[in-house]
Amino acid sequence: MKIHTQAVHAGDRRKPTGAVPVTTPIYAASSFFYDTTDELDRVIGMEQAGYSYARYDNPTAAALEELVTALEGGHGALACASGMTAVQMAVETALTDRRASIVAADALYGASTKLLLNVLEPRGVEVRFVDICNLDALSAAVSHAKPGCILMETISNPLLRVGEIDKIAEIARAAGAALVVDNTFATPLIVRPLDLGASFSVHSLTKYLAGHGDVLGGAVVTDAAHFDALRTLARIVGPVLGPFESYLSMRGIKTFPLRMERQCANACRVASWLGSHPRVERVHFPADPAHPDAPAIRRLFAAGLYGAMVSFEIRDAGRPEIFRFLDRLQLVVRATSLGDVHSMILYPAMSSHRDLAPKHRERVGIRDNLVRLSVGIEAVEDIIADIEQAFA
Ligand SMILES: *Cc1c(COP(=O)(O)O)cnc(C)c1O
């Protein structure tokens with residue numbers, strides 16, 4: 001054989017030796033080879049399980065999907081290129097064979113609100129927003145809109161409100177709608193939406209699950225009733241997570257419960273310290289007994305875990321004072337994203353909610369003195385010391 005041919009073929013398509021790698025390798029192949037055409041035919045026709053083409057599935061992504069399915073207690077999952085792709089895939093699947101109408105929580109991740117208003121509504125999907133923590137308001141909106149899908153987040157951004165997923169799932173079921181829960185902030189360590197009756201649990205893997213600030217990804221975990229529709233749509237569109245990102249996500253998830261426990265414990269300490277600091281006007285944190293959703297939190301959250309996001313309002317601060325405070329931080333990283341091993345801080349009026357007029361922001365409770373802290377795994381004394389010196 002000529003070198004040009006060897007360069008293309010030598011070393012590839014080797015049979016497994018019998019030894020199994022202890023962790024899942026990165027399978028970068030875009031297509032898969034079988035001994036006989038007959039076998040490939042059965043795989044493509046989905047009469048036989050197997051891989052054929054990377055838009056349909058990939059062994060590295062499949063391992064990650066099995067992992068997140070187990071964590072969320074679902075029937076199956078789809079690993080997606082981003083959290084937003086996961087939200088979109090879940091909503092599109094929820095609306096398959098249902099009325100093109102969505103009732104959504106009025107507090108959602110900014111891009112999710114934009115997906116509803118700028119992408120789905122112009123295509124003829126009815127969109128209605130409601131305070132998901134007010135079940136009477138939700139029931140009224142649902143009987144009016146007759147939605148095919150209800151969309152909410154377990155812990156809302158940035159005010160950390162918590163809806164009663166089990167009761168909302170009942171309302172959804174009675175109306176024939178599918179409940180999609182973005183579980184990014186809570187993670188399956190704290191709440192498993194499918195156990196509470198939701199049809200879809202969605203993640204930005206970018207945040208707590210992968211957790212190291214080095215990968216963008218998403219996941220949709222769903223029940224048996226919706227899994228085939230999800231995979232069918234995915235086979236056509238190909239919103240898949242690449243094998244390298246799948247590998248990084250899976251590697252990150254191995255330590256996710258340990259990281260999350262530490263982050264939650266650190267967040268409790270930081271929140272109570274902030275609560276007694278003279279420079280702090282108000283702290284928003286789910287462990288607070290005076291939290292507006294305290295009964296739901298007690299009922300639905302895993303004991304002693306309240307998430308690792310802490311939002312707080314700095315007394316008499318406006319944009320210039322907030323910027324000065326943020327610029328003084330030495331350890332806590334000023335950046336978008338959350339859930340990483342390092343603590344991060346963000347100013348919602350500048351980022352997730354910058355497109356809202358100040359008056360509208362104020363009306364939804366996001367004041368110009370509010371910052372959102374994602375507490376990391378550092379020694380909590382160092383996090384507190386950094387915030388303290390930035391207040392000074
Ligand atoms: C970050 C985030 C998303 C979007 O995820 P990407 O990975 O950035 O696409 C969706 N929902 C929530 C709650 C998020 O925090």
Side-chain angles (χ1 to χ4, degrees), residues 9 12-18 20-21 23-98 100 148-149 176-180 188 193-194 198-203 205 209 217-250 253:
H9 288 281
D12 262 334
R13 295 178 289 280
R14 298 169 63 175
K15 289 283 170 221
T17 58
V20 176
T23 54
T24 306
I26 300 168
Y27 289 91
S30 54
S31 55
F32 295 83
F33 171 81
Y34 292 89
D35 282 340
T36 66
T37 310
D38 201 40
E39 214 177 340
L40 179 62
D41 178 52
R42 285 199 301 275
V43 170
I44 293 175
M46 293 198 290
E47 295 147 31
Q48 178 184 323
Y51 303 99
S52 57
Y53 186 56
R55 198 180 69 236
Y56 303 156
D57 48 15
N58 162 287
T60 317
L64 169 65
E65 287 162 353
E66 189 176 323
L67 175 59
V68 292
T69 299
L71 298 183
E72 285 280 358
H75 174 81
L78 175 72
C80 297
S82 69
M84 281 316 302
T85 311
V87 174
Q88 189 197 5
M89 290 301 291
V91 168
E92 300 260 13
T93 307
L95 290 181
T96 308
D97 300 327
R98 289 195 177 94
C149 169
L179 176 60
V180 176
L194 299 176
S199 299
F200 298 86
S201 180
V202 170
H203 280 276
L205 294 171
L209 291 184
V220 186
V221 186
T222 190
D223 55 19
H226 295 90
F227 183 64
D228 287 347
L230 175 67
R231 294 301 316 194
T232 301
L233 184 60
R235 277 172 78 91
I236 299 166
V237 181
V240 295
L241 189 64
F244 185 60
E245 287 78 8
S246 296
Y247 164 81
L248 279 178
S249 301
M250 202 166 173
I253 289 173

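On a predicted model such as this, the values are computed, not experimentally measured, just so you know. One-based numbering along the sequence shown.
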Next item on the list: Taking all heavy atoms of Gly76 and all of Thr69, pick out the closest pair and write down the distance.
Entry: C-OG1, 3.4 Å

Next item on the list: Could you tell me which non-hydrogen atom of Ala86 sits nearest to which non-hydrogen atom of Val220, and how far apart they are?
Entry: O-CG2, 3.3 Å

Checklist line | More than 12 heavy atoms of other groups within 6.0 Å of Asp12 CG | finding: yes

Check: For the residue pair Phe200 and His226, does the interplanar ring angle fall in the parallel (under 30°), tilted (30 to 60°) or perpendicular (over 60°) class?
Finding: tilted

Item checked: Counterpart residues, side chain to side chain contact (heavy atoms under 4.5 Å, CB included), relative to Gln88 (two or more places apart) -> Glu92, Leu115

Note to self: Counting only heavy atoms from other residues, nucleotides and ligands, does the tally under 6.0 Å from CD of Gln48 exceed 12?
What the structure shows: yes

Check: For the residue pair Tyr53 and Tyr56, does the interplanar ring angle fall in the parallel (under 30°), tilted (30 to 60°) or perpendicular (over 60°) class?
Finding: perpendicular

Margin query: One pair to check against side chain to side chain contact (heavy atoms under 4.5 Å, CB included): Thr96 and Thr232. What are the steps and the verdict?
Written below: CA-CA 11 Å; Thr96 308; Thr232 301; over 6 Å; no

Notebook entry, point to check: Looking at CG of Leu67 and OG of Ser246, how far apart are the two atoms once the value is rounded to the nearest 0.5 Å?
Noted result: 11.0 Å

Notebook entry, point to check: Is a side-chain N or O of Glu65 found less than 3.5 angstrom from the main chain of Ala79, in a donor-acceptor match?
Noted result: yes

Next item on the list: Evaluate the side-chain proximity of Asp57 to Val240: yes if any heavy-atom separation is below 4.5 Å, no if none is.
Entry: no

Check: Under 3.5 Å, side chain of Arg98 to main-chain N/O of Gly176, donor-acceptor pair present?
Finding: yes

Item checked: Atom of Ala29, atom of Asn58 and distance for their closest heavy-atom approach -> O-ND2, 4.2 Å

Margin query: Between Asp41 and Thr37, is there a side-chain heavy-atom distance shorter than 4.5 Å?
Written below: no

Item checked: Point-to-point distance, once rounded to the nearest 0.5 Å, from CD of Glu66 to OG1 of Thr24 -> 8.5 Å

Next item on the list: May I ask you to test the Tyr34-Val43 pair for a side-chain heavy-atom distance under 4.5 Å?
Entry: yes

Next item on the list: Mind running side chain to side chain contact (heavy atoms under 4.5 Å, CB included) on His75 and Thr222 for me, showing each step along the way?
Entry: CA-CA 6 Å; His75 174 81; Thr222 190; 5.9 Å; no

Checklist line | Thr60 (side chain) donor-acceptor with Pro25 (main chain) under 3.5 angstrom | finding: yes

Margin query: Can you confirm whether Asp35 sits close enough to Lys15 that some side-chain heavy atom of one is under 4.5 Å from a side-chain heavy atom of the other?
Written below: yes

Note to self: Can you confirm whether more than 12 heavy atoms, excluding those of Phe227, are under 6.0 Å from its CZ atom?
What the structure shows: yes

Notebook entry, point to check: Listed by chain and number, what are the side-chain hydrogen bond (donor to acceptor under 3.5 Å, both in side chains) partners of Ser82, not counting sequence neighbours?
Noted result: Thr85

Item checked: Note, Met89 side chain near Leu78 side chain (heavy atom, < 4.5 Å) -> yes

Checklist line | Residues Met46, Arg235; criterion side chain to side chain contact (heavy atoms under 4.5 Å, CB included); working and verdict | finding: CA-CA 12 Å; Met46 293 198 290; Arg235 277 172 78 91; 3.6 Å; yes

Margin query: Taking the side chain as everything from C-beta on, heavy atoms only, tell me whether Ser249 gets closer than 4.5 Å to Leu209.
Written below: no

Notebook entry, point to check: If you round to the nearest 0.5 Å, how far is NE2 of His203 from CG of Leu71?
Noted result: 8.0 Å

Checklist line | Minimum heavy-atom distance between Val68 and Ala77, given as atom pair plus value | finding: CG2-CB, 3.7 Å

Next item on the list: To the nearest 0.5 angstrom, please state how far the CG atom of Leu179 sits from the CG atom of Leu194.
Entry: 9.5 Å

Notebook entry, point to check: With a 4.5 Å heavy-atom cut-off, do Tyr27 and Pro59 have their side chains touching?
Noted result: yes

Checklist line | Separation between OG of Ser199 and CG of Asp223, rounded to the nearest 0.5 Å | finding: 4.5 Å

Next item on the list: Tell me, please, which residues at least two apart from Thr93 pass side-chain hydrogen bond (donor to acceptor under 3.5 Å, both in side chains).
Entry: none

Margin query: Minimum heavy-atom separation for Leu95 and Cys149, please, with both atom names.
Written below: CD2-CB, 3.7 Å

Check: Between Glu72 and Pro193, what is the shortest heavy-atom contact and its length?
Finding: OE1-CD, 3.4 Å

Check: Taking side chain as C-beta onward, heavy atoms only, is Arg55 less than 4.5 Å from Ser30?
Finding: no

